[in-house]
Amino acid sequence: AYDTKQRKRQGEYTIEDYYAWPKEQRVELIDGIIYVMETPGFVHQRIAGEMLFIIKSFLRQKDGDCIPLLSPVNVRLDCDERTMVQPDLVIVCSKDKIKRWGILGAPDFVLEILSQTTRRKDCTKKLQKYCDAGVREYWIIDPEKKILLSYDFEHENMPCIYPLTGTAGLAIYDGELQVDLDEIAEKIQEWPE
């Protein structure tokens, strides 16, 4: 168990503290600050699963080398001692970034699905961290507002905002990988609470 007598102040935590944290409590470490994570809800997991299915189906058809992974997966985003995140879904195209314990460096694509407790962190702190670390594309799905925010960091910083209708393409695949947003919306509608 984590030694509570040795607790540090927020901003002072390291990867060593992250690994020593009690396993029954999921956390992320961002710039030395520990963020406690709640267990994802049913709608959240349905959306993440649907996205994984869409991406894996596309990669199988194209014989793609990239690897999609669902959370929990450790991502040592900055390759330093002060940040370890667990995005909801990532795509990694550089196999040298994949380690036994997780991913060292920026994934090519990151998806976060918002909840009441993650909204602020995902839309501000993690947005900036992903951009600065070299993530090529970042998607945020907001089940409550039924929108997708898509950031193509390779070409621009301004987000594209889509209602969860029609389709949206992943920029890292030049739009060839299309996501049916109506299907994503259905995952929310079927289980509204």
Please say yes or no: joined through hydrophobic side-chain contacts below 4.5 Å, possibly via intermediate residues, are Ile54 and Leu52 part of one cluster? yes
Give a yes or no on whether Leu170 and Ile47 share a hydrophobic cluster (residues Ile, Leu, Val, Met, Phe, Trp, Tyr; joining criterion: side-chain heavy atoms under 4.5 Å apart). yes
How many angstroms lie between atom CG of Asp88 and atom CD1 of Ile113, to the nearest 0.5 angstrom? 4.5 Å
Are any non-hydrogen side-chain atoms of Ile184 and Pro143 less than 4.5 angstrom apart? no
Would you please test Arg26 and Ser71 for side-chain contact (heavy atoms from CB on, under 4.5 Å) and show each step? CA-CA 11 Å; Arg26 283 185 62 210; Ser71 184; 3.2 Å; yes
Measure from the side-chain N and O atoms of Thr118 to the backbone N and O of Leu114, and report whether any donor-acceptor pair falls under 3.5 Å. no
Side chain Asp108, main chain Cys93, donor-acceptor under 3.5 Å: yes
Keeping the roles fixed (side chain from Asp174, backbone from Glu176), state whether a donor-acceptor pair exists under 3.5 Å. no
Would you call Thr14 and Asp17 a side-chain contact if the rule is heavy atoms closer than 4.5 Å? yes
Enter the distance from Ile67:CD1 to Ile55:CD1 here, rounded to the nearest 0.5 Å. 13.0 Å
With a 4.5 Å cut-off on side-chain heavy atoms, are Thr165 and Leu181 touching? no
Quick one: are Lys129 and Thr83 in side-chain contact, heavy atoms under 4.5 Å? yes
Hey, any chance Ile15 and Val36 share a hydrophobic cluster, counting ILVMFWY side chains that come within less than 4.5 Å of each other, even indirectly? yes
For the side chain of Arg82 and the backbone of Gly11, is there at least one donor-acceptor N/O pair under 3.5 Å apart? yes
In the structure I gave you, are the side-chain heavy atoms of Tyr151 and Ile140 within less than 4.5 Å of one another anywhere? yes
Are Ile147 and Tyr138 linked, directly or through intermediate hydrophobic residues, by side-chain heavy-atom contacts shorter than 4.5 Å (ILVMFWY only)? yes
Under 3.5 Å: donor-acceptor pair, side chain of Gln25, backbone of Pro22: no
Should the heavy atoms of other residues, nucleotides or ligands under 6.0 Å from NZ of Lys99 be counted, would the total exceed 12? yes
So do Glu112 and Tyr130 actually touch side chain to side chain, heavy atoms under 4.5 Å? yes
On a heavy-atom basis, the closest approach of Gln10 and Ile34 is OE1-N, 2.8 Å
For Val90 and Val135, what are the C-alpha separation, side-chain angles and deciding distance, and is it a side-chain contact (heavy atoms from CB on, under 4.5 Å)? CA-CA 10 Å; Val90 298; Val135 170; over 6 Å; no
Smallest separation among heavy atoms of Lys146 and Ile188, with atom names: CE-CG2, 4.1 Å
Side chain of Glu137, backbone of Ile172: donor and acceptor closer than 3.5 Å? yes
Give, for atom CZ of Phe109 and atom SG of Cys66, the distance between the pair rounded to the nearest 0.5 Å. 11.5 Å
What I'd like to find out is whether the side chain of Lys121 reaches to under 4.5 Å of the side chain of Glu28, using heavy atoms alone. yes
Between atom CG of Leu149 and atom CG of Leu127, what is the distance when rounded to the nearest 0.5 Å? 9.0 Å
Within one Ile-Leu-Val-Met-Phe-Trp-Tyr cluster: Trp139 and Tyr173, side-chain cutoff 4.5 Å: yes
Note, Tyr18 side chain near Asn74 side chain (heavy atom, < 4.5 Å): yes
Restricting to non-hydrogen atoms, name the atom on Glu38 and the atom on Ser115 that form the minimum distance, rounded to 0.1 Å. OE2-OG, 4.0 Å
Evaluate whether atom CZ of Phe53 has more than 12 neighbouring non-hydrogen atoms of other residues, nucleotides or ligands under 6.0 angstrom away. no
Candidate pair Ile103 and Leu69, rule side-chain contact (heavy atoms from CB on, under 4.5 Å), full reasoning: CA-CA 10 Å; Ile103 300 164; Leu69 297 165; 4.0 Å; yes
Before you tell me yes or no, could you show the steps for Asp142 and Leu164 under side-chain contact (heavy atoms from CB on, under 4.5 Å), namely the whole-Å CA-CA distance, both residues' side-chain angles and the distance that decides it to 0.1 Å? CA-CA 9 Å; Asp142 186 338; Leu164 292 183; over 6 Å; no
Quick one: pull up OG in Ser57 and CG in Leu177 and give me the separation to the nearest 0.5 Å. 9.0 Å
When every non-hydrogen atom of Gly166 is compared with those of Asp182, the smallest separation belongs to N-OD2, 3.1 Å
Could you check Tyr35, Trp21, Tyr19 and say which one makes a ring pair (Phe, Tyr, Trp, His ring centres under 6.0 Å) with Tyr13? Trp21
Could you give the distance from CD1 (Ile91) to CE (Met51), rounded to the nearest 0.5 Å? 7.5 Å
Please give me the minimum heavy-atom distance between Leu89 and Ala48, naming the atom from each residue. CD1-O, 3.8 Å
Can you check whether Thr167's main-chain N or O pairs, donor with acceptor, with Tyr162's side chain at less than 3.5 Å? no
For a quick test of reading the model, state the closest non-hydrogen atom pair linking Trp101 to Arg76 and the distance between them. CH2-CB, 3.6 Å
